[in-house]
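Data first, discussion second: the structure below is written as structure tokens.
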Amino acid sequence: MTRYTRVRFRPRGQFHFGGRGVGMERSDVWLPADSLFSALCTVLADQHGADIVEELLAEFRGARTPSDAPFRLTSLMPYAADVSFLPYPMVGPPRIPNATDLRRRKQFKAVQWVSSNVFRALARHESPTAALENDLPTTIHGGKIWLTLKEKDGLESFMARHPETGKPQSPVLWRTHLRPRVTVDRKTLKSAVYALGGTAFNRTKDSSAGLYTVVEWLAADESVQALIKGAFEQLGEVGIGGKRSSGFGQFVPNFEDFVNWSIGASDGDFFTTFSPYHPRPNEREVIGPEARYEIELRRGWLSLSGYMNLRRASIRMIADGSVLRWPSTVTPFGDLVDVTPKTLFENEGPTVYRYGLVFPVRIANAAMKPSDQIETRRQLDGGRS
Amino acid sequence: MANNKNRRSVTLHGRVFLQGNIKTITGLHIGGAAGALEIGGVDSPIIRDPLTNRPFIPGSSLRGKMRSLTERLHGSEQNMRIGKGVFVHICRQKKMSDAEYREMYRNCPVCSVFGVTGDEGVPHPTSLVVRDVYLGDDSAAQLDRAQTDFPYSEIKWEATIDRVTSAAVPRQIERVPAGTLFEGFELAYGIYDASGRDHFATVLKALQLVEEDYLGGLGSRGGGKVEFQITNVYARKGTEYKTEKFEVDGAQPVTDHLVTTINDWVKQTFEDVGD
Ligand SMILES: [Zn+2]
């Protein structure tokens, strides 16, 4: 039985994940699950008509427990060759002697992404020795990615070479760069110049870096699974993110079905999320004691036939990588949030939803318990300020 | 993801894909970031892939050129201000009803193919997608052997005249040499209705216009001439999204004959697409 499908997006060019207008020059290396979900709905509506999307959304909204929802998915996260990356969960540095040294803890703090092997060790509170070099994290990308030594060696083909000496440096998996763009007035030939940020993933002869999502099939039957996989194919052709008509954001999807994705702890009172999460009112407990989370404002624009400049209502969601309390009475689920812009509402236009389902992965209690040493350091921290 | 009460009438019937190569006939200069102001850098560098350092042709440049030449061909009105003294064409005009606008848009070879700038409400998503085109491995190896001034590029010295002092100011311009092959050129064209299908001719015509004109800078001085070589044409259509191929014999130039036969084939393949 297929329970999970990992969809790898092998890039066919660059991506633009970032702002419009002001902020156009920025481009991120990931895309939150809500944006991915909206993109899938758009291609489904394009190809099969709006009714299909309405039916699908109704199933999500009508679900009382997570297992009633058709599926859930993670944000788009980076991968390189066969190493997948996940957000560094907010569990803090591992409980090893070096991590209690203030100067060294900084190196753990800089990490943004961890390989799935490192993630597993952190979530289960296992010793991450394979992922350490002299008790410090083995990192690439200026300390932002933490992986195991073996994984780092496996990424040798992504190694950059020094432009003058030719000596191999650390693997480079992606780069964001500025692309100058120009718009020319056809009559006067006057031009307006602006800069556009793009994220380029590295590639070698036989493998590439790119983005992936994991879909967990909940109540979806085989026909829905096929429909969603078809939507990923379509999305690859039209592209995802900004500036699609100029060829940004296109990719070739690759599907891997599997039954188990054992990435977290088997039990524990905590969990992290791989998608921005909008808790339902009865899930408030998740931000209870010891929860460590970030709140992000999700907003954006909406293009809809017949309307101009529609700005979605903004909402707050709990960010990927946050560590939350597993509630005692309910299973964390999340919600589809109504973000219908005021103008649409006033004109009795369509209702617009934003995906806010959680993708929960258990974190062991031991991973969260502060050790004595950490406590000592915390006092020290306080003393410095 | 709209839960729609006023149904969106638009449905994608399929896409036409056109693939091939782009060969430079004269030196090609598509400007890159001005980050090359370091010592030894050229005054006017070309755009390069940030990871491989190879020059490439951004889809946006090619698409922009196709669009502007099509606008010029049809004499489309330049009516939307997007910068100081810079105007582009959109179909929407003041005091125009939504229905009038939709009709105008559908019949406009520019808007229905290339879409609109900004956030105008439109009858269907932008039809045409143009991908970045990368330097082919063979051409890269060839340029490596040729030991050009810079990796995969050469430097052209130009004298520009200072308008005040009339003194000649020498300037270095980087360009990709003539005869270079960029591979993996691809256009994808979505067909949403019969008028969209019939506008496919605009896309092929635009390629011919680009060949007659130029890509990138240096155009007024003979640079930027390119040639398209079409290697693959196919359509994917219907809810099953089946592939149907148009037979291309090797790498074909965009001749009037090829344009006509591809157009006929597109019309035939999407014959059953209604309004
Ligand atoms: Zn128009």
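Being a predicted model, the structure only gives us computed values, none of them experimental. Any value given below was found using the heavy atoms of this structure, including those in side chains, with hydrogens, waters and symmetry copies removed.
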- Message: Show, in sequence, the C-alpha distance, side-chain angles and deciding distance for B:Leu12 and A:Gln234, and conclude whether the side-chain contact (heavy atoms from CB on, under 4.5 Å) test is met.
- Response: CA-CA 11 Å; B:Leu12 178 74; A:Gln234 283 284 320; 3.5 Å; yes
- Determine whether more than 12 heavy atoms belonging to other residues, nucleotides or ligands lie under 6.0 Å from atom CZ of A:Arg10. no
- Note on the structure: Applying a strict 4.5 Å limit to non-hydrogen atoms, the region of A:Phe201 in contact with chain B is backbone
- Task: To the nearest 0.5 Å, tell me how far A:Asp46 CG sits from B:His13 NE2.
- Result: 11.0 Å
- With sequence neighbours excluded, residues passing side chain to side chain donor-acceptor pair (under 3.5 Å) with B:Arg175: B:Glu154
- Message: If the condition is side chain to side chain donor-acceptor pair (under 3.5 Å), which residues does B:Asp149 pass it with, not counting sequence neighbours?
- Response: none
- Query: With side chains defined as the heavy atoms from C-beta onward, is the minimum distance between A:Gln250 and B:Val129 less than 4.5 Å?
  - Reply: yes
- Query: Is any side-chain heavy atom of B:Leu51 closer than 4.5 Å to a side-chain heavy atom of A:Gln14?
  - Reply: no
- Quick one: of A:Gly13, A:Gly230, A:Ala200, who has the most non-hydrogen atom pairs under 4.5 Å with chain B? A:Ala200
- Query: What part of B:Phe114 gets closer than 4.5 Å to chain A, counting heavy atoms only: side chain, backbone, both or neither?
  - Reply: neither
- Under a 4.5 Å heavy-atom cut-off, does chain A meet the side chain of B:Ser127, its backbone, both or neither? neither
- Task: Could you give me the CA-CA distance, side-chain angles and deciding distance for B:Thr11 and A:His48, then say whether side-chain contact (heavy atoms from CB on, under 4.5 Å) is met?
- Result: CA-CA 7 Å; B:Thr11 313; A:His48 303 283; over 6 Å; no
- With no hydrogens and no angle check, is any side-chain donor or acceptor of B:Arg131 less than 3.5 Å from a backbone partner on A:Arg12? yes
- Is a donor on one side and an acceptor on the other found under 3.5 Å between the side chain of A:Arg175 and the backbone of B:Pro50? yes
- Task: Could you walk me through whether A:Ser245 and B:Arg63 pass side-chain contact (heavy atoms from CB on, under 4.5 Å), step by step?
- Result: CA-CA 8 Å; A:Ser245 56; B:Arg63 191 178 190 283; 3.4 Å; yes
- In short, B:Asp49 meets A:Arg203 closest at the heavy-atom pair OD2-NH2, 2.8 Å
